[in-house]
Amino acid sequence: MKALILAAGLGTRLKPLTDKKPKALVEICGRSLVEWQILRLYSYGFSDIVINVHHFGDMVEAAVKEFLEREEHPALNISFSEEFDLLRDTGGGIRHASSLLDDGEPFLVHNVDILSDMDVEEFYSSCCARMKEDKDILSCVLVTQRYSDRRLLFGKDMKLMGWENIKTHQVKSPFEEIVCLNGRDDAHTRLEGMELSPYAFGGVHVLSPRVFEIMANWEEKFSIVDFYLSNAASSTITGELLPDTTIIDVGRLENLPSAEEFIKNQLD
């Protein structure tokens with residue numbers, strides 16, 4: 001099983017910690033975020049792991065190589081998708097890593113700053129089974145009920161229908177009945193009146209290898225959310241809600257204490 005750890009971001013929400021090092025090397029309980037992700041994915045059977053790097057990327061590569069020399073992890077293969085020339089955003093980063101990921105099978109993408117107690121292998125297997133049953137499914141996206149100003153909108157069958165920014169009234173969707181509300185002051189109120197379920201993106205998703213054929217027509221830099229929205233009418237982007245799962249976004253300074261406590265509890 002293959003996985004991509006998205007670790008190329010600038011980590012601006014973690015400043016000043018990221019002034020002299022990348023977000024991936026911010027430490028929680030004595031280990032960097034990228035180490036925690038590698039260990040967790042490996043424990044669930046992901047032996048081929050790709051890490052994309054940009055901001056202080058050489059530091060990430062050096063730290064991971066030192067980690068591999070320091071600890072014994074048989075059959076673990078780690079490679080790097082370097083974006084030193086251009087930070088390609090989440091969608092562009094996935095596309096740029098295609099030569100390392102595309103073996104004809106679905107693959108997992110995991111943000112480096114997301115901690116959870118989710119059974120990653122079970123999530124991956126469930127998504128793969130759904131993709132095998134329904135060839136139209138392009139991606140299975142982990143979603144959460146946490147509050148967010150930017151929300152993905154799903155239909156009754158958990159099929160992605162659109163996206164909204166509550167503060168700016170921006171609405172995105174391939175469906176006219178939703179996108180026609182873009183920019184309207186009453187957009188949020190009207191969307192609430194529709195049969196749509198709003199969720200926050202959980203930073204973990206399983207993608208069909210079909211994405212690479214579609215991404216070939218996109219620019220170098222693009223958001224994976226914009227990619228999903230653009231393809232939501234022609235393919236199925238499905239949301240996966242795991243209500244009993246704890247998910248912590250470590251990309252914010254105010255969440256670091258919760259992340260420390262979470263890791264400590266996991267180690268006990």
Side-chain angles (χ1 to χ4, degrees), residues 3-44 46 49 51-57 59-64 66-68 70-71 73 78 87 89-90 93 108-123 141-152 165-167 198-205 223-225 239-268:
L4 169 65
I5 299 175
L6 292 176
L10 301 177
T12 53
R13 297 178 301 164
L14 283 175
K15 282 181 170 292
L17 295 180
T18 50
D19 286 341
K20 296 183 179 180
K21 65 180 177 181
K23 173 170 58 177
L25 296 187
V26 170
E27 291 193 358
I28 304 291
C29 296
R31 283 192 185 273
S32 66
L33 286 173
V34 73
E35 279 192 33
W36 284 121
Q37 298 301 353
I38 292 170
L39 289 171
R40 182 164 175 74
L41 291 173
Y42 183 61
S43 72
Y44 282 110
F46 292 88
I49 298 175
I51 304 170
N52 78 329
V53 292
H54 171 81
H55 184 58
F56 293 121
M59 293 176 62
V60 177
E61 292 189 21
V64 171
E66 189 276 331
F67 158 73
L68 292 174
R70 172 173 25 102
E71 302 186 19
H73 299 289
I78 294 181
L87 181 58
D89 207 335
T90 48
L108 182 96
V109 176
H110 201 301
N111 289 5
V112 75
D113 55 4
I114 293 294
L115 297 178
S116 79
D117 55 7
M118 174 179 67
D119 186 322
V120 187
E121 194 279 330
E122 183 177 314
F123 174 74
V141 180
L142 176 68
V143 295
T144 73
Q145 292 176 311
R146 67 178 174 84
Y147 175 80
S148 175
D149 295 330
R150 295 170 292 180
R151 315 181 324 163
L152 296 174
N165 186 317
I166 298 173
K167 289 187 175 180
Y199 296 109
F201 179 34
V204 185
H205 34 148
S223 159
I224 193 61
V225 171
E240 187 80 17
L241 179 65
L242 303 177
D244 297 326
T245 297
T246 298
I247 299 173
I248 300 176
D249 177 2
V250 199
R252 299 177 181 275
L253 281 174
E254 60 267 28
N255 291 348
L256 290 179
S258 298
E260 290 270 354
E261 187 65 27
F262 175 78
I263 291 294
K264 288 177 181 177
N265 290 337
Q266 292 286 300
L267 296 174
D268 288 345

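Note: hydrogens, waters and symmetry copies are ignored here, and every other heavy atom, side chains too, is used.
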| Over all atoms of both residues, closest heavy-atom pair of Pro16 and Leu253 | CD-CD1, 4.3 Å

| note | With sequence neighbours left out, the residues meeting salt bridge (charged side-chain N to carboxylate O under 4.0 Å, His left out) with Glu66 are Arg70

| task | Kindly indicate whether the side chain of Val112, heavy atoms from C-beta on, has any atom under 4.5 Å from the side chain of Ile51. | result | no

| field | Closest heavy-atom pair and its distance - Asn52, Ala7 | value | OD1-N, 2.7 Å

| note | Residues passing the side chain to side chain contact (heavy atoms under 4.5 Å, CB included) test with Asp117, sequence neighbours excluded, are Thr245, Thr246, Phe262, Gln266

| field | For Ala200, all residues meeting side chain to side chain contact (heavy atoms under 4.5 Å, CB included), sequence neighbours excluded | value | Thr144, Arg146, Ser148

| message | Just verifying a value: how many Å separate Asp119 CG and Leu242 CG, rounded to the nearest 0.5 Å? | response | 10.0 Å

| field | Approximate separation, where rounding is to 0.5 Å, of Tyr147 OH and Ile166 CD1 | value | 4.5 Å

| Atom pair CD1 (Ile5) and CD (Gln37), whose distance is rounded to the nearest 0.5 Å | 6.0 Å

| Could you go step by step and tell me if Arg151 and Tyr199 meet the side chain to side chain contact (heavy atoms under 4.5 Å, CB included) rule? | CA-CA 5 Å; Arg151 315 181 324 163; Tyr199 296 109; over 6 Å; no

| Are there more than 12 heavy atoms of other residues, nucleotides or ligands under 6.0 Å from atom CD of Glu27? | yes

| said: Would you compute the distance between atom CZ of Phe56 and atom CG of Leu25 and round it to the nearest 0.5 angstrom? | reply: 10.0 Å

| Counterpart residues, side chain to side chain donor-acceptor pair (under 3.5 Å), relative to Asp249 (two or more places apart) | Arg13

| task | Check the pair Ile263, Trp36 against side chain to side chain contact (heavy atoms under 4.5 Å, CB included), reporting the backbone distance first and the verdict last. | result | CA-CA 9 Å; Ile263 291 294; Trp36 284 121; 3.5 Å; yes

| task | Using side chain to side chain contact (heavy atoms under 4.5 Å, CB included) as the criterion, list what pairs up with Thr18, not counting sequence neighbours. | result | Leu14, Lys15, Lys23, Val26

| query | Got a sec, which residues hit salt bridge (charged side-chain N to carboxylate O under 4.0 Å, His left out) with Arg31, two or more places apart in sequence or on another chain? | reply | Glu35, Glu71

| Any Phe67 side-chain heavy atom under 4.5 Å of Leu39 side chain | yes

| task | State, with a plain yes or no, whether a side-chain heavy atom of Leu17 is found less than 4.5 Å away from one of Leu256. | result | yes

| field | Inter-residue atom distance Leu4.CG - Asn111.CG, 0.5 Å rounding | value | 9.5 Å

| note | In short, His73 meets Tyr42 closest at the heavy-atom pair C-OH, 3.5 Å

| field | Leu115 backbone acceptor or donor facing Arg40 side chain under 3.5 Å | value | no

| message | Checking Ile114 against Leu142 for the side chain to side chain contact (heavy atoms under 4.5 Å, CB included) test, could you report, in this order, the C-alpha distance in whole Å, the side-chain angles of both residues, the deciding distance, and whether it holds? | response | CA-CA 11 Å; Ile114 293 294; Leu142 176 68; 5.8 Å; no

| In Å, rounded to the nearest 0.5 Å, how long is the span from NE2 of His110 to OG of Ser116? | 5.0 Å

| said: Between Ile224 and His205, does the side chain to side chain contact (heavy atoms under 4.5 Å, CB included) criterion hold? Intermediate values first, please. | reply: CA-CA 10 Å; Ile224 193 61; His205 34 148; 3.9 Å; yes

| request: Report the residue from Ile247, Asp244, Val204 that forms a side-chain contact (heavy atoms from CB on, under 4.5 Å) with Met118. | output: Val204

